Amino acid sequence: MRLVTWNINSVRLRLDQLRRIVREQEPDVVCLQETKVADGSFPMGEIRDMGFDHVMIRGMKSYNGIAILSKTPFTALPGRDWCGKQDCRHGAIAFDSGLEVHNFYVPAGGDLPDPDENDKFAHKLAFVDEMTEVFSTANGASKILMGDLNIAPLENDVWSHKQLLKIVSHTPVEVEKLTRAKQAHDWVDALRHFVPADRKLYTWWSYRARDWQAADKGRRLDHVWVTPDLTGRLEAAEVLKEARAWEKPSDHAPVMVDIGMSA
DNA sequence: ATGGTGGAAGGTCCA
């Protein structure tokens with residue numbers, strides 16, 4: 001089973017790029033974040049034409065929004081108003097096998113890393129705390145959690161650990177909370193299962209760099225976590241960096257994972 | 001210390 005997660009930064013603007021990813025990677029499941037479209041305006045016909053007959057969308061006008069695209073049927077799991085907001089940052093499904101897929105778009109958190117001065121940062125911290133709560137009491141089903149978590153936890157998940165310690169996405173308080181959330185359900189980091197922690201690994205490069213490839217000041221904001229029972233079935237995990245170099249790209253690269261499915 | 005770019009808007013907000 002192949003899954004892809006991608007912060008697409010407007011699904012309507014990048015349908016052609018999504019088609020290319022689907023054609024080249026042939027994923028069974030795609031989790032999108034920042035679809036930026038209300039449900040009534042979601043390009044459902046185009047998505048079905050790509051081979052995804054089963055789609056969950058949770059969108060709003062202009063901001064946020066997630067979608068889960070699947071070639072096989074699933075059951076939608078109950079939604080949740082994270083932090084008491086209806087801001088379309090999570091969706092979850094279960095396949096007939098019992099396997100659950102959770103798609104997350106964690107708040108970016110604004111610029112100032114102080115929850116007392118910056119409501120967006122406070123929201124981000126509260127959101128990750130709620131992830132810890134929810135999954136510490138979750139059922140024992142096999143699960144895949146993927147999406148834009150907007151936090152780069154390891155030193156080599158950013159281009160300069162020292163220079164980003166006060167930059168939102170890599171501050172110690174966020175990293176600590178994400179680490180706690182990961183431990184709360186014994187999640188396994190699928191990308192780092194294949195790429196050792198001493199190697200740089202990024203999924204996002206800012207639009208604001210003059211030459212993003214030359215500068216290579218990236219961060220690993222997008223993640224794939226699996227429950228421990230799936231660890232032995234991890235076959236591959238990879239950042240599809242080439243998509244960041246396409247014309248009119250998202251600032252995030254897609255991340256792909258292959259999981260062997262026993263009969 | 002600042003600003004750099006991009007998307008959805010059709011103001012500005014958000015990333």
Side-chain angles (χ1 to χ4, degrees), chain A residues 5-21 31-44 46-47 57-67 82-83 85-90 103-115 117-128 146-153 157-160 162-171 174-175 178 202-223 239 241-255:
Chain A
T5 177
W6 191 26
N7 180 323
I8 195 169
N9 191 14
S10 171
V11 66
R12 287 179 291 182
L13 193 68
R14 266 176 269 281
L15 278 171
D16 280 338
Q17 295 185 29
L18 182 59
R19 276 188 203 97
R20 181 167 173 184
I21 289 164
C31 289
L32 299 174
Q33 305 87 37
E34 284 211 86
T35 51
K36 293 190 172 177
V37 62
D39 291 349
S41 305
F42 188 86
M44 197 60 84
E46 290 88 337
I47 296 292
I57 50 176
R58 190 159 292 157
M60 56 191 279
K61 195 175 165 184
S62 302
Y63 304 116
N64 310 326
I66 59 94
W82 295 79
C83 301
K85 299 176 191 287
Q86 300 184 347
D87 55 1
C88 302
R89 296 178 178 276
H90 171 248
N103 182 8
F104 274 97
Y105 176 51
V106 172
D111 287 331
L112 188 66
D114 178 350
E117 299 284 333
N118 175 6
D119 291 342
K120 291 186 226 170
F121 194 66
H123 179 211
K124 182 180 198 175
L125 298 182
F127 193 101
V128 178
M146 58 203 322
D148 177 4
L149 305 187
N150 265 316
I151 297 171
D157 290 340
V158 293
W159 62 277
S160 168
K162 279 184 79 169
Q163 285 178 259
L164 272 80
L165 278 171
K166 291 179 178 172
I167 303 297
V168 170
S169 73
H170 193 62
T171 64
E174 295 167 81
V175 168
L178 191 71
Y202 315 135
T203 65
W204 173 89
W205 293 261
S206 171
Y207 282 127
R208 297 175 187 176
R210 278 200 193 91
D211 183 341
W212 71 275
Q213 279 173 304
D216 199 25
K217 293 183 174 180
R219 304 178 202 170
R220 188 169 72 108
L221 304 180
D222 303 273
H223 298 268
V239 179
K241 187 179 175 182
E242 64 272 17
R244 181 62 179 80
W246 293 344
E247 196 163 338
K248 297 273 280 176
S250 167
D251 44 355
H252 294 255
V255 178

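Remember, it's a predicted structure, so these values are computed and weren't measured experimentally. Proteins get letters first, then strands, A, B, ... in listed order; numbering begins at 1 in each.
- Considering only residues two or more places apart in sequence or on other chains, A:Arg89 meets the salt bridge (charged side-chain N to carboxylate O under 4.0 Å, His left out) condition with A:Asp87.
- The phosphate of B:dA9 has neither OP1 nor OP2 within less than 4.0 Å of any side-chain N or O from A:Lys61.
- Annotation: the span from A:Leu178 atom CG to A:Ser169 atom OG amounts to 11.5 Å, rounded to 0.5 Å.
- Where A:Asn150 and A:Val11 each meet DNA chain B at their nearest nucleotide, the meeting point lying more 5' is that of A:Val11.
- Looking at A:Arg58, A:Gln33, A:His90 one by one, the single match for side chain to side chain donor-acceptor pair (under 3.5 Å) with A:Asn103 turns out to be A:Gln33.
- Whole-Å rounding puts the A:Leu13 CG to B:dT5 P distance at 18 Å.
- In this structure, the side chains of A:Ile8 and A:Glu34 stay at 4.5 Å or more apart for every pair of heavy atoms.
- Side-chain proximity of A:Glu34 to B:dA9, B:dC13, B:dA15: nearest is B:dA15.
- The nearest whole Å value for the distance from the CZ atom in A:Arg210 to the C1' atom in B:dG4 is 8 Å.
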With ring pair (Phe, Tyr, Trp, His ring centres under 6.0 Å) as the test, would you mind laying out the steps for A:Tyr202 and A:Trp212 before giving the verdict? CA-CA 12 Å; A:Tyr202 315 135; A:Trp212 71 275; over 10 Å; no

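- Near-neighbour residues of DNA chain B inside residues 245-253 of chain A, defined by a heavy atom below 4.0 Å, number-ordered: A:Lys248.
- With C1' as the reference atom, B:dC14 and B:dG4 are 16 Å apart, rounded to whole Å.
- Sequence order on DNA chain B of the closest nucleotides to A:Tyr207 and A:Thr35 puts A:Tyr207 first from the 5' end.
- Within the 4.5 Å cutoff, side-chain heavy atoms of A:Asn150 are placed close to those of A:Tyr105.
- If you check B:dA9, B:dA15, B:dG7 against the side chain of A:Arg89, the one that comes closest is B:dA15.
- Note: CG (A:Asp87) to C1' (B:dC13) measures 15 Å, nearest angstrom.
- Proximity of A:Arg14 to the phosphate of B:dG7: a side-chain N or O atom is located under 4.0 Å from OP1 or OP2.
- Regarding A:Arg244, its CZ atom lies at a distance of 9 Å from the P atom of B:dG6, rounded to whole Å.
- A distance of about 16 Å separates the P atoms of B:dA9 and B:dC13, rounded to the whole Å.
- Residue A:Glu242 qualifies as enclosed at atom CD: its count of foreign heavy atoms under 6.0 Å is above 12.
- Between A:Arg219 and B:dA15, a side-chain N or O to OP1/OP2 separation shorter than 4.0 Å is absent.
- The separation between A:His123 atom NE2 and B:dA15 atom C1' is 15 Å, rounded to whole Å.
- Per the geometry, CG belonging to A:Asn118 stands 14 Å off C1' belonging to B:dC13, to the nearest Å.
- Atom CZ of A:Phe121 and atom C1' of B:dC14 are 17 Å apart (whole Å).
- Using C1' as the reference atom, B:dA15 and B:dG3 are 15 Å apart when rounded to the nearest Å.
- Looking only at side-chain heavy atoms (C-beta outward), A:Lys124 and A:Ile151 come within less than 4.5 Å of each other.
- With B:dA15, B:dA9, B:dG6 as the choices, the nucleotide that has an atom nearest any side-chain atom of A:Lys36 turns out to be B:dG6.
- The CG-C1' distance, from A:Asp111 to B:dA15, rounds to 9 Å in whole Å.
- Here, B:dG6 and B:dT2 have their P atoms 23 Å apart, quoted to the whole Å.
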